[in-house]
Amino acid sequence: MKSQTQNVRSFYDKDSKRYRDDRYDGEGCEQFSYRSRTGIALEMLQGTSGRTLDVGCGPAIYTRSLSELGHRPVSADLSIEMLKHARTLAGPLPGASWANSEVEKLPFRDASFDNVLAIGVLAYASDTLSALTELARVLKPGGTLITQCSNTLAPAPRLVKLKDKALQALGLREKPAYGFRMAAHSRAAFLELVHRAGLEPLEARSYAFRLPFLEKFFPGAALRIMKIGHDAFSNSRVFHWLGEGYMVKARKNGRPL
Ligand SMILES: C[S@@+](CC[C@H](N)C(=O)[O-])C[C@H]1O[C@@H](n2cnc3c(N)ncnc32)[C@H](O)[C@@H]1O
């Protein structure tokens with residue numbers, strides 16, 4: 001039987017050419033979610049500089065922006081096909097480099113990066129804390145981590161799951177066979193893991209305030225409400241848990257090198 005890592009790798013090998021078009025290009029709620037998290041990550045990157053590791057880089061979502069911000073990006077991914085496609089999309093960028101590696105076993109020395117970006121990748125790690133600890137290991141003291149996690153408390157995906165389970169129980173839908181599981185945490189539990197990995201959380205912002213059932217029948221209205229939800233709740237202390245995902249900026253403890 002194939003392992004979680006092998007299944008994730010072959011999923012993204014096959015998805016590499018479609019990933020950017022499906023998730024980012026287009027005016028649907030899905031694409032707005034992905035673009036929202038990118039927007040938050042780029043805002044969180046303001047004021048940072050230096051050598052930056054982008055783990056789970058996918059098809060070079062951040063590579064060009066990192067270069068334009070004056071960073072020296074090192075883009076890493078488990079999927080070779082994703083990396084090949086990423087290199088083509090990014091084109092020649094001075095100072096950029098590429099690595100085929102896993103988030104829990106990074107082939108870099110301790111304290112070798114000023115910043116680490118890990119967006120959309122922790123979900124696939126076998127253990128979130130060990131992945132965060134590995135990310136903290138390669139960060140310099142005082143360095144910045146910008147990462148992302150799916151929110152277990154968000155009501156919309158829970159309702160969708162419930163509906164899918166009911167349809168499966170009635171024999172009206174097959175159970176999807178991805179061959180891998182995806183980890184998610186409540187924001188409070190994730191911030192605790194960040195802290196345990198030796199990082200100090202500085203900021204957290206939520207995104208993807210989706211309305212799945214409305215999305216299906218009235219996509220235009222769902223998108224408009226979602227945009228209002230994003231503006232109103234992304235930074236809210238009270239309603240952030242309505243978002244399907246959140247972004248976290250953290251600093252590695254210790255004095256800067
Ligand atoms: C959901 S995509 C995220 C891509 C991009 N960072 C973004 O924000 O859109 C996940 C990416 O992480 C990679 N990936 C999945 N598991 C990984 C692991 N254990 N180590 C490194 N990369 C992994 C996949 O190959 C894929 O390119």
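Just so you know, ligand 1 is whichever comes first in the structure, and atom 1 is the first atom listed for that ligand. Just so it is clear, the model here is predicted, and its values are computed rather than measured.
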(request) Please confirm whether F209 and F239 have ring centers closer than 6.0 angstrom. (result) no
(request) Tell me whether the centres of the aromatic rings in Y12 and F180 are closer together than 6.0 Å. (result) no
(request) Identify the two heavy atoms, one from A154 and one from L242, that lie closest to each other, and give their separation to 0.1 Å. (result) CB-O, 4.1 Å
(message) Quick check on side-chain contact (heavy atoms from CB on, under 4.5 Å): which of D15, D21, D22 does Y19 satisfy it with?
(response) D15
(request) Output yes when D114 and R51 qualify as a salt bridge under the 4.0 Å nitrogen-oxygen rule, no when they do not. (result) no
(request) Write out the protein residues near ligand 1, meaning a non-hydrogen atom under 4.0 Å from one of its atoms, in order of chain and number. (result) V8, Y12, Y19, Y24, R37, G56, C57, G58, I61, Y62, D77, L78, S79, M82, S101, E102, V103, I119, G120, V121, Y124
(message) Is there a salt bridge (charged side-chain N to carboxylate O under 4.0 Å, His left out) between E30 and R210? Walk through the geometry before answering.
(response) CA-CA 8 Å; E30 170 94 345; R210 293 181 72 168; 2.8 Å; yes
